[in-house]
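Letters A, B, ... are given to chains in the order of the sequence lines, protein chains preceding strands, and every chain is numbered from 1. The figures that follow rest on heavy atoms only: side chains count, while hydrogens, waters and symmetry mates do not.
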Number of protein chains: 2
Amino acid sequence: MKDFVPVLKRAKLFAGVGDEDITSMLSCLGAKLRTYEKGEYVLREGERLSDILVLAEGSLHIQRDDYWGNRSILGRIEVGEIFGEAYVAPESGMLLNDVIAVEDSSIFFFDVKRVITTCSSACRFHTMVVQNLFFAISEKNRSLVQKLGHISKRTTREKLISYLSEEAKKQNSSYITIPFNRQQLADYLSVDRSAMSNELCKMRNEGLLEFEKNRFKLR
Amino acid sequence: MKDFVPVLKRAKLFAGVGDEDITSMLSCLGAKLRTYEKGEYVLREGERLSDILVLAEGSLHIQRDDYWGNRSILGRIEVGEIFGEAYVAPESGMLLNDVIAVEDSSIFFFDVKRVITTCSSACRFHTMVVQNLFFAISEKNRSLVQKLGHISKRTTREKLISYLSEEAKKQNSSYITIPFNRQQLADYLSVDRSAMSNELCKMRNEGLLEFEKNRFKLR
DNA sequence: ACGGTTCGGTTGTATTTACAACAGATTGGT
DNA sequence: ACCAATCTGTTGTAAATACAACCGAACCGT
């Protein structure tokens, strides 16, 4: 089995936990590793979840297809990120989204009971892990709010400006690379791809921005 | 000072904490109570926050006005609910929304450091409070995702159906009362009020639903 | 009873969008 | 090098939306 300790060391769930402790925590927390191929479903809407997941390798999309087949991408998960944590609370119902691997991926599963319940053994880090969990979900919360900020704009152009200018702020540059292709960006912003493509070109003609593939330059 | 212990007893933050312990925790956690008049701002976009807030009385709106003055309502806070918890993480930046009192309201402030840091004294409940905090933010997370589900629908009608049918599911009835007036509902769904009003009447004419003020009946 | 304010509904118009269909470019596999 | 699949841009049309303006009803305090 591939050694993912260096990855977990940098994962938010284990922030503040020493290298040597991670290995012991893996068994203490009952960690399981699973691998997925590109395009494979990791979680499906309607399932129930009792594990907190940490992406060790690859990347994932959180998405949802509605009754009419419109797909909306709610977010993207990169290596080291936690997910599923919003659905392990006792009263939480079923999953509201699919999670799908956009590349070949490896994922750690941690049983939430063992994460949250402080054990009497050597693991001195449960409190810290629960705090990390809280901070991680806080961050996800904020990014959901930001996404809501983009989507609640009225026109496609405003949505694009809102999204791109925030990316520029995040990446601290007017040259930005986005993690989506056109269809995915359209799904993320909940607009029609061709209409969005059209709007992007109009904005380019007006000199608002330049782009090539998924790299953009704002003015 | 009004006795809010019965309210706090039912608040999610203190679930599982005995009545008599709440009083002692209030001082241990350094709780402060503030009152706000209807229409007054509780928090403003751009501020930094180091307290977790619990609404003891009244009701609040989380909202945001964009550059062009379009208001979007991100959610509503009722008595006993926690808020602000997503912005107290160490790396979290400034608030992304305003919080405004829609009625005269009373709010408890808890310094996050004292909530999260386990103290050595009599408070045996810090662990439980941190867990409650985690479950509360999980729930908020899920409701954000649900709202995203509504807003990411393409047409006003689909947004309305998505929102109303979910309310019906929540309230477990086809007769539902919504906590918004027309303008607020339009802000919540990020659509134009008059267009939405128009669409609602069309749907009524088509026999999809009936309504009077903020009470709806679905078919 | 009065005037002011808020709220919900209606209408018309200009703008914006979704949708479908297609074409060229790029990518990936064999 | 080739074919197939995917990605991106383009166009036209029908549908949906925002916006502004207005009206009547309900509600408020004085």
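In this structure, the CG atom of B/Asn214 is 16 Å from the P atom of D/dA26, given to the nearest Å. Distance NZ (B/Lys153) to P (D/dT17): 14 Å, rounded to an integer number of Å. Whole-Å rounding puts the A/Gln183 CD to C/dA25 P distance at 21 Å. For the pair A/Arg215 CZ and C/dT26 P, the computed distance is 15 Å after rounding to whole Å. Between the P atom of D/dG9 and the CG atom of A/Leu185 lies a distance of 11 Å, rounded to the nearest Å. In this structure, CD of A/Gln184 is placed 8 Å from P of D/dC7, rounded to the nearest angstrom. Atom CD of A/Glu210 and atom P of D/dG9 are 14 Å apart (whole Å). The distance between atom CD of A/Glu158 and atom C1' of D/dC19, rounded to the nearest whole Å, is 13 Å.
Note on the helix from C/dA1-D/dT30 to C/dT30-D/dA1: angle between the axes of the first and last five pairs equals 60°, rounded to 10 degrees.
For the OP1/OP2 pair of C/dT27 and a distance below 4.0 Å, the side-chain nitrogens and oxygens of A/Lys213 include at least one atom meeting the criterion.
The aromatic rings of B/Tyr163 and B/His150 lie perpendicular to each other, with more than 60° between the two planes, well past the 30° mark. Ring geometry for B/Phe4 versus B/Phe108: interplanar angle over 60°, hence perpendicular rather than tilted (30 to 60°).
Judged purely by atom type and a 3.5 angstrom limit, B/Arg182 uses its side chain to pair as donor or acceptor with the backbone of B/Lys213. Listed for the A/Ser138 side chain is a donor-acceptor partner under 3.5 Å among the backbone atoms of A/Phe134. Between the side chain of A/Glu206 and the main chain of A/Met203, no donor-acceptor pair closer than 3.5 Å is present. Distance alone, capped at 3.5 Å, places no donor-acceptor pair between the A/Arg34 side chain and the A/Phe109 backbone. Checked by atom type and distance alone, the side chain of A/Asp98 pairs as donor or acceptor with a backbone atom of A/Glu45 at under 3.5 Å. With B/Asp51 contributing its side chain and B/Asp111 its backbone, the two residues share a donor-acceptor pair below 3.5 Å.
A heavy atom lying under 4.0 Å from DNA chain C marks the following residues of residues 173-182 of chain B, by number: B/Asn181, B/Arg182.
With respect to the salt-bridge test (charged N to carboxylate O, under 4.0 angstrom), the residues A/Lys12 and B/Glu91 do not qualify.
Within the model, atoms NE2 of A/His61 and CZ of A/Phe180 stand 5.0 Å from one another, a figure rounded to the nearest 0.5 Å.
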Worksheet, complete the sentence: Expected string for nucleotides 10-18 of chain C under the B/S/- scheme (protein heavy atoms, under 4.0 Å, primed atoms plus P, OP1, OP2 as sugar-phosphate) is BB----SSS
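Residues A/Ser105 and A/Leu60 form a side-chain contact, since some pair of their non-hydrogen atoms from C-beta on lies under 4.5 Å apart.
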